[in-house]
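Source: prediction; values computed, not measured.
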Amino acid sequence: MKAATQKHPLSNRTEQLLQQRGEYLEEMEQLEARVPGLETKLAELRKKVVHTTSHHIGNGSHEVMEDLSSTRARINALRGHVQETERSLELVEKAESAAAAIAQAMEQINTEQRLQASLQARIEQAATRSQGIEEEIAAAQSAAVSAEQAAGQALAQAEDAKAEKAARTQLEKAVELALATEATIRVKRRTIETMEAEVVNMKQQAGDSRQREQVAKAALSEALWSKYAEEWNAAAKTLAGIGAHLVAADRINGGWGAHLTKLHIPLFGTQDRETLTRTEVVDASDQISLDDLVKGVA
């Protein structure tokens, strides 16, 4: 025998809300269809009111007026219920897709954080290399200056033609070294400039990555909020059901649910305005019979 497929709690909640909205809309449609007839009937009865010196004799117009008023009030209440249900549906739909949204946001956040870490490592590596090249340049410049100084000193101290020739050879080599050092320094400076440009580019990439990470975190926050808000709402509805049974049980002994006087639970939706209060719980308790209470603990 195949095991029964267990539906996700949120899917059940969606079905319940859709059914509830359908019931509200159906009742509202029926009541709206009654309004024109009641209005016509009330207008006709008012034309036929018989007046006396001190009062008028009613002919049923007052009852029709009350019926019309209560019908309109119920229609307005149903509109509010439909709007509340639709807000709940929107929240449930977001909660149903929250798992995928959370996974996607976390993947994006992890990707951006890895990229930022990689870029930071490369930036630090470039800084180390630039410092090393600067030290190489300084060492080369110092060597070239020392060679020039040594050649100049040798030339100044030459006492004969042979010593002077050797000093001039030394001077030529010092000049060659100076020229080579100058060329090498130009190349190294260009290397440093190139690395600095790369660092600027990498810092820009890191900044862009941090912005994408913040966007992903915002999406994550919204998905998490939707998930936990719907869990809160579901738990509040469950609590309201238990509260209704409490009031119904209390009524058996002549009570009226005074222990729930301060009940006030916020319900979350797209506008965050709904609250669960004692009134809703007491109204729900009116539908609970003694048999329902006993069956609940059987």
Side-chain angles (χ1 to χ4, degrees), residues 94-231 268 272:
K94 288 182 178 179
E96 286 180 333
S97 59
I102 291 170
Q104 181 178 357
M106 285 302 301
E107 182 179 0
Q108 180 72 25
I109 290 170
N110 291 334
T111 298
E112 300 303 338
Q113 288 179 347
R114 286 194 298 269
L115 175 59
Q116 291 166 36
S118 174
L119 289 169
Q120 183 60 33
R122 290 171 60 191
I123 289 170
E124 292 174 359
Q125 182 182 29
T128 301
R129 289 184 60 198
S130 293
Q131 183 179 356
I133 294 173
E134 289 286 2
E135 291 174 355
E136 291 173 2
I137 290 173
Q141 288 176 328
S142 177
V145 170
S146 296
E148 290 175 357
Q149 289 176 343
Q153 186 176 5
L155 185 60
Q157 294 176 350
E159 296 179 352
D160 52 28
K162 183 178 180 182
E164 183 178 350
K165 182 178 179 182
R168 289 187 180 282
T169 300
Q170 184 178 354
L171 180 60
E172 289 174 359
K173 290 182 179 180
V175 171
E176 290 176 0
L177 177 60
L179 292 174
T181 299
E182 184 180 347
T184 300
I185 289 174
R186 283 199 302 270
V187 173
K188 290 182 181 292
R189 290 290 185 198
R190 290 195 187 99
T191 301
I192 291 175
E193 291 172 1
T194 301
M195 285 195 298
E196 287 176 345
E198 290 178 352
V199 167
V200 170
N201 182 48
M202 287 188 290
K203 286 182 177 179
Q204 180 64 49
Q205 290 181 51
D208 294 342
S209 177
R210 283 191 291 271
Q211 290 182 353
R212 292 193 298 270
E213 181 186 356
Q214 289 305 313
V215 171
K217 284 183 175 179
L220 175 63
S221 173
E222 182 179 354
L224 288 169
W225 188 94
S226 298
K227 175 182 181 296
Y228 289 115
E230 176 51 30
E231 286 184 9
F268 298 102
D272 298 347

Apply side chain to side chain contact (heavy atoms under 4.5 Å, CB included) to the pair Val200 and Gln204, showing each step before the final yes or no.
-> CA-CA 6 Å; Val200 170; Gln204 180 64 49; 5.8 Å; no
So, are [X] and [Y] salt-bridged, with charged N and O less than 4.0 Å apart?
{"X": "Glu213", "Y": "Lys217", "result": "yes"}
{"X": "Lys173", "Y": "Glu148", "result": "no"}
{"X": "Glu231", "Y": "Lys227", "result": "yes"}

Which heavy-atom pair separates Ala206 from Leu119 by the least distance, and what is that distance?
-> N-CD1, 3.5 Å
Between Ala223 and Ile102 the two heavy atoms that sit nearest each other are CB-CG1, 3.7 Å
Partner of Ile192 by side-chain contact (heavy atoms from CB on, under 4.5 Å), out of Gln131, Glu134, Arg129 = Glu134
Taking atom types as modelled and ignoring hydrogens, do the side chains of Glu112 and Gln108 form a donor-acceptor contact shorter than 3.5 angstrom?
-> yes
Using a 4.5 Å cut-off on heavy atoms from C-beta on, say whether the side chain of Phe268 contacts that of Tyr228.
-> no
Within a reach of under 6.0 Å around CD of Gln116, are more than 12 heavy atoms found that belong to other residues, nucleotides or ligands?
-> yes
Neighbour count >12 (heavy atoms, 6.0 Å) for atom CD, Gln113 = yes
Apply the test side chain to side chain donor-acceptor pair (under 3.5 Å) to residues Gln120 and Glu124: give CA-CA distance (whole Å), side-chain angles for both, the deciding distance (0.1 Å), then the verdict.
-> CA-CA 6 Å; Gln120 183 60 33; Glu124 292 174 359; 3.1 Å; yes
Value rounded to 0.5 Å, distance of CD in Glu198 from CZ in Arg122 = 7.5 Å
